[in-house]
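So the structure is just underneath, and the comments pick up after that.
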Amino acid sequence: MKKNIAYKTALSAILCALALSLGFLESLIPPIPLLPPGAKPGLSNIITMFAAGSIGLAQAIMIVVVKGCFAFVTRGFTAGIMSLSGGIFSAVVMYFLLKYSGKIFGLIGISVLSALAHNIGQLFAAVFITGTASIAYYAPALAVFGIATGAITGVIFKAVIPALDKLKQHFFI
Amino acid sequence: MKKTAIAAVIIVAAVFVAFLAYDGAVNKEYSSDFFVMNTYATAKLTGSKSKEAADEIRSLTETLDKGILSRTSENSVVSLLNVNGAGDAEKISDYLEILFDVCRKSGGAFDFTLGAVSDLWSFGSNPKLPDDSAIREALSHTGYEKLKLTENELVFGDKSAVIDFGAAGKGIALDEIKAVLFEKKIKQAVVSVGGSVLLMGDKEFTVGIRNPEGNSGSYIAKLHIPEGCVSTSGSYEQQFEANGRKYHHILDPETGYPVDNGLLSVTIISQSGILSDALSTACFVLGYEKGKALAEAYDCGVVFVADDKKIYAENGAENFIEITDDAYTLVMQ
Amino acid sequence: MNIKFIKKGDIAVIGVIILIAAAFMLWSNSKSEAVQAVITVDGEVIETVDLGSVKEKITVIPATSPRVVITAENGKIRFESAECEDKLCVACGDLSKHGDTAVCLPSKTVITVTGSDVDAVVY
């Protein structure tokens with residue numbers, strides 16, 4: 001395991017790059033009317049999920065931290081904190097679900113719950129930043145939206161697992 | 001790997017708890033409301049010293065009123081100046097300079113030397129229609145040009161002139177309050193002194209423009225604005241009826257009578273409290289065209305509400321406004 | 001990763017989330033319908049009236065000078081009479097909507113209907 005540390009670092013870097021590019025790609029989608037503000041499909045969660053499921057929690061958290069730092073630098077304090085808070089919480093949830101709940105939930109369920117965790121983390125940060133709990137009233141709308149996005153990322157995840165696994169094999173992990 | 005995972009979980013949990021504790025300490029919300037300067041004030045503050053700051057705001061506005069601005073307390077700076085017709089104005093000289101500037105730029109539509117005239121109307125207690133001759137006599141002693149401020153010394157050219165900060169006092173209070181909020185490192189604040197509002201913090205605030213026909217909590221339009229000060233002068237305030245006519249408290253310095261130009265209210269958005277307050281009165285007196293130009297000269301957003309239920313938002317205010325009452329229409333230029 | 005694509009648990013969890021979200025929405029809606037009026041004298045709350053549940057006429061007379069009489073009925077609250085000079089508070093009329101406010105300066109009495117959706121109103 002120890003020997004592989006260089007490989008692991010390299011793989012993590014590639015996954016980070018993938019997560020950031022997906023995040024950027026997503027930012028190109030124009031805001032969708034009727035949806036709660038800040039609602040996004042969360043494509044980069046696919047990468048986090050892969051890291052959480054097939055490498056480890058530490059790697060998954062590293063990816064979301066890098067994403068958070070990136071948001072911090074490019075979109076400011078508020079976006080940074082929201083991204084970090086949502087990302088870390090969902091990475092932890094993902095990790096434990098993937099590890100222990102394989103008998104109960106499928107990929108779709110885990111993906112939906114992770115999206116939900118992401119929303120909860122973000123809402124928590126938003127309450128923290130604005131100092132008002134009234135934002136929590138967005139929670140139901142975000143939760144329903146989370147089901148949709150979670151399902152979408154779940155489907156995409158299923159489709160890209162072979163490719164990501166292949167990528168992983170190059171690094172002998 | 002397992003150890004790393006456990007460590008990561010513990011770190012995340014610790015961060016979470018620290019987050020909660022920090023949040024509780026830093027984002028303490030505190031609301032208070034009190035009566036000061038002959039009006040009603042509210043403060044909603046967020047910060048680690050929010051209660052301290054609210055208490056200080058309260059005592060500060062009380063001393064500002066009693067010690068400086070009040071016409072009814074005998075030893076206030078303003079009262080002493082009025083009695084002596086001259087004197088040390090160091091405590092208010094910065095504000096006086098701003099007010100002189102507003103007087104000049106508004107061509108006298110704003111004038112803080114109207115004290116003798118507004119006393120005749122006795123707004124604030126039991127307003128009544130004064131004798132026309134009394135108004136004319138009082139008017140002969142008004143005029144900001146008769147006063148001179150040199151190195152903190154204010155001298156009245158006419159000893160019978162009476163200065164009155166009624167049209168700027170709430171704004172001055174907001175500026176003083178702002179200094180307290182900075183000192184106490186308040187993160188977010190909404191302070192209202194008699195309907196003049198100070199907004200502070202990194203967010204978009206929503207401020208309602210009072211419904212001229214409703215109570216003081218009902219509004220006809222919303223302004224979505226970042227931090228700053230907002231003041232309104234409205235003809236619906238302190239209205240009374242005499243001889244079958246309605247009179248309000250915004251006096252035209254030219255005639256000594258309430259302004260009658262079809263406006264119901266003027267709202268000014270500014271970074272300065274005193275400017276927002278003084279300009280709202282000045283622009284009300286000037287009316288739409290000239291008022292708009294004055295607000296522009298000070299780079300302030302302005303909203304005019306006219307009695308034909310038309311709303312004019314100018315100098316950037318058009319980007320912030322949202323009409324919420326169907327009876328009113330926004331006129332786009 | 002050999003996790004199945006979709007399992008019964010997924011559908012169950014999605015159902016539960018939708019149920020909770022719907023329940024929360026209903027709850028928050030019903031909560032915002034409860035209109036409360038708070039009466040304060042010199043900044044101290046002396047009475048809270050749930051306007052939604054007021055059936056019979058309620059009269060509140062705070063210990064103030066000058067004396068004011070506040071009445072609530074049919075989801076509305078108002079300054080019924082006041083012994084001050086200008087009676088501006090009485091002129092405010094009925095308060096029933098979120099954020100409605102009437103202030104009586106001489107007696108330092110304020111009636112506020114809670115739940116304004118603006119940070120402040122300028123007047």
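Residue numbers begin at 1 in each chain, while the letters A, B, ... track the order of the sequences.
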(request) Indicate yes or no for a side-chain donor-acceptor contact from Lys7(C) to the backbone of Lys103(A) under 3.5 Å, with no hydrogens or angles considered. (result) yes

(request) Output the distance between atom CG (Asp10(C)) and atom CD1 (Ile110(A)), rounded to the nearest 0.5 Å. (result) 7.5 Å

(message) Testing the basics here: between Ala21(C) and Val144(A), what is the closest heavy-atom pair and its distance to 0.1 Å?
(response) CB-CG2, 4.0 Å

(message) I need the Ile17(C) CD1 to Ile147(A) CD1 distance, nearest 0.5 Å.
(response) 4.5 Å

(message) To the closest 0.5 Å, what do you measure between CD1 (Ile14(C)) and CZ (Phe105(A))?
(response) 10.0 Å

(message) Measuring from atom CD1 of Ile108(A) to atom CD1 of Ile11(C), what distance do you get when rounded to the nearest 0.5 angstrom?
(response) 10.0 Å

(request) Check whether any side-chain heavy atom of Lys158(A) sits under 4.5 Å from a side-chain heavy atom of Phe5(C), and report yes or no. (result) yes

(request) State whether the number of non-hydrogen atoms from other residues, nucleotides or ligands found under 6.0 Å of Lys76(C) atom NZ is greater than 12. (result) no

